[in-house]
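Worksheet: the structure to be examined is printed underneath.
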Protein chains: 2
Amino acid sequence: MTITPTPQTSLGHPVQAPRSNGPVGTGEPPKRSRSATRERLLDAAAVVFAARGVAGASVEEVCERAGFTRGAFYSNFATKDELVVALLDREEGALLDQLTTALGDALTDPDPVGACAQRLFELQPFGAHNYALRAELTLLAVRDPSLAAPYRATRRSFRDRFLPFLSEGLAAARLELTVPADDALDTLEALFEASVRASIVAGDPNAPDNLAARMLPVLLGAMTTPRCD
Amino acid sequence: MTITPTPQTSLGHPVQAPRSNGPVGTGEPPKRSRSATRERLLDAAAVVFAARGVAGASVEEVCERAGFTRGAFYSNFATKDELVVALLDREEGALLDQLTTALGDALTDPDPVGACAQRLFELQPFGAHNYALRAELTLLAVRDPSLAAPYRATRRSFRDRFLPFLSEGLAAARLELTVPADDALDTLEALFEASVRASIVAGDPNAPDNLAARMLPVLLGAMTTPRCD
DNA sequence: TGTATTGGATACGCCACCGTATCCGATACG
DNA sequence: CGTATCGGATACGGTGGCGTATCCAATACA
C-alpha cells in the first residue's frame, strides 16, 4: 500500500466547500475565481505532499493534479513554502472539525470511551495520507524555526478551541481531570499518533484492535477521577 | 535554532565512536578502508538528513561533509535509498545502546522514575538533530511499503532486545505490568516522542520540566501494579 | 622492485524542476 | 459594442543534482 497520489477520478474536489468570495450564495458554476483555484491547489498539494513529501514533491505535479499549470500556481503563491504554510493553516481547521463531530457522535454511544477510540482512529486526518502530511508538516516545524512559530500558534489555537469539547466529553462521562488539560491532550494525541502509525506500517489500516483502543481506557483512568456532583 | 549541518569544525566527526573495523585499538591514521568510508558517509548522512530531510539532502552535500566526492559515494552505495536503509539500521543500534545504559544509570538513582524521565529525555537520540532524523526515517516507512518491512523488522528487533531491560527495571522497582509489554513500550515511546518534539518546537531543549517528566509517573502508575514477592 | 587490485577523484551527459516573462481568452464595465 | 482587467497558459533560460565512465594513487603481493 504505497501512498500514491490516487489517479484522480475526475476533476472533482470532493471535500471542502469553496471559501466564499465575491457575490456568493447563488449557485454559480465553478467560477474561475482566484480563491477557488487556491483551494484546488491546496487540495492537490495535500495529496502530493503526503505521498512524496514536501521536498520530494514538485510544484509541477501539484499543478498537474489540480488541473492547472505552473503559471497559475505562481500567480497564486509566491513560492512553494508559502503553499506549505497555507496548507498547514487549512489542515488544522479540518482536523478540529472532524474531531469535534466525531467526539459528539461518540458521546451518544453506550460505551463512550471505546467509541471514542475507534471513531477517532478512523478519522480521515488519521488515515495514511493525512498522517503522513501532518507528520511532515510537524517535522518541518522542528527543522525550521521560522515555521516553528506559526506551528506553535496553530497548535495553541487548536488547543484553545478543542479543550472545551474535551471538558464537555469528560463532564458527560462524569469524569474530572487529575492532570493539566494540556498534558492530557498531548498524551492522548501522542497515543493516537503512535497507534495510527503502527497500523499504517503494519499494513492494516482501521484495525479495530489497535493500540489506542487498548490503551485509551487505561490512560483515561490514570488521568481522571470520577466526579460526584 | 535552525537545524543546520553544523559548519564542521574540522574533519572530525565528534559524536559516535567509530564502529571498530579491521585492527582497531592502535591509533592508526584514519585508514583508507572501505568500511571506514562507509561509516563516515553514514555519519555525514545522519547530520545532513536531519537538517534538510532525506529528499532535500543532496548526495553531494553528504559527501562534502564526509570529506569525499560523489565518486567515492557511488563506489560504496548503489543509490541514495540504499544509504537511507543502511542508516536506519545503524540508528536502531545506537538508540538501543544509549537507552540501556541510561536506564541502567537511572536505576541507581534514589528516584528511579524521575531519573528515567529526565535521563531518557536528555539522550542524544532525542536531541533535535536525531529526533528529526528518526521522525523522517519513520515517515519514509509510512510512505513507502518497501521500507515498511525493514522498518518493522528493525522495530521488532529493537523491542526484543529492549524488553528485557524494561522488565529488569520494573523488577528493580518492584513493579509488574498490567498491560501487554508491547503496548507499554509503544505508549511510553509515544510519550517521549511528543515530549521531545514539544521541547524542540518550543525552543527550550532539555527542559527539566517536560511532558515526559510530568506524565511518566502517571502512566507508569496506570500500567503497573506493585508486586509482592 | 614491478605488477595487480582496490579505493577514490575527475569529468561528463542528462534530466527534472524552478521561476519569470510574455501571450491569450473571458468576464466586467462604461 | 468596444475596451480594460484578471486569471491562466505557453515558452524559455538557468541551475542543481544524479549517475556513470574514465582516470589516478596507493597499497598488497610476488
Measure from the side-chain heavy atoms of [X] and tell me the nearest of [options].
X	options	answer
A:Arg70	D:dG8, D:dG19, D:dC12	D:dC12
B:Ala72	C:dA9, D:dA9, D:dG19	C:dA9
A:Asn76	C:dA9, D:dG19, D:dG8	D:dG8
B:Lys80	D:dG8, D:dC18, C:dA9	D:dC18
B:Ser58	D:dG8, D:dG17, C:dC12	D:dG17

Which whole-number value in Å describes the distance from [X] [atom1] to [N] [atom2]?
X	N	atom1	atom2	result
A:Glu64	D:dA9	CD	C1'	14 Å
A:Phe73	C:dC17	CZ	C1'	13 Å
A:Arg34	D:dT5	CZ	P	16 Å
B:Asp81	D:dG19	CG	C1'	13 Å
B:Arg38	C:dG7	CZ	P	12 Å

Basic-acidic side-chain contact under 4.0 Å: [X], [Y]:
X	Y	value
A:Glu91	A:Arg134	no
B:Arg161	B:Glu92	yes
B:Glu193	A:Arg197	yes

### 5'-most by nearest nucleotide on DNA chain C - A:Glu60 or A:Gly71
A:Glu60
### Query
Where each residue is assigned the nucleotide of DNA chain C containing its nearest heavy atom, which of A:Ala78 and B:Phe68 is assigned the position nearer the 5′ end?
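With A:Ala78 and B:Phe68 compared, the 5'-side residue is B:Phe68.
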### Message
Can a side-chain donor-acceptor contact be found between A:Ser75 and A:Arg34 if the only test is distance below 3.5 angstrom?
### Response
yes
### Message
Just N and O in the side chain of A:Ser75: are any of them under 4.0 Å from OP1 or OP2 of D:dC6?
### Response
no
### Message
Looking at D:dG19, I'd like to know if its phosphate oxygens (OP1 or OP2) sit under 4.0 Å from a side-chain N or O belonging to B:Tyr74.
### Response
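Yes.
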### Derivation and outcome, side chain to side chain contact (heavy atoms under 4.5 Å, CB included), residues A:Asp186 and A:Arg159
CA-CA 10 Å; A:Asp186 283 343; A:Arg159 250 192 247 268; 3.1 Å; yes
### Message
Regarding A:Thr69, tell me which of base, sugar-phosphate or nothing describes its non-hydrogen contacts under 4.0 Å with the strands shown.
### Response
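The residue A:Thr69 makes base contact.
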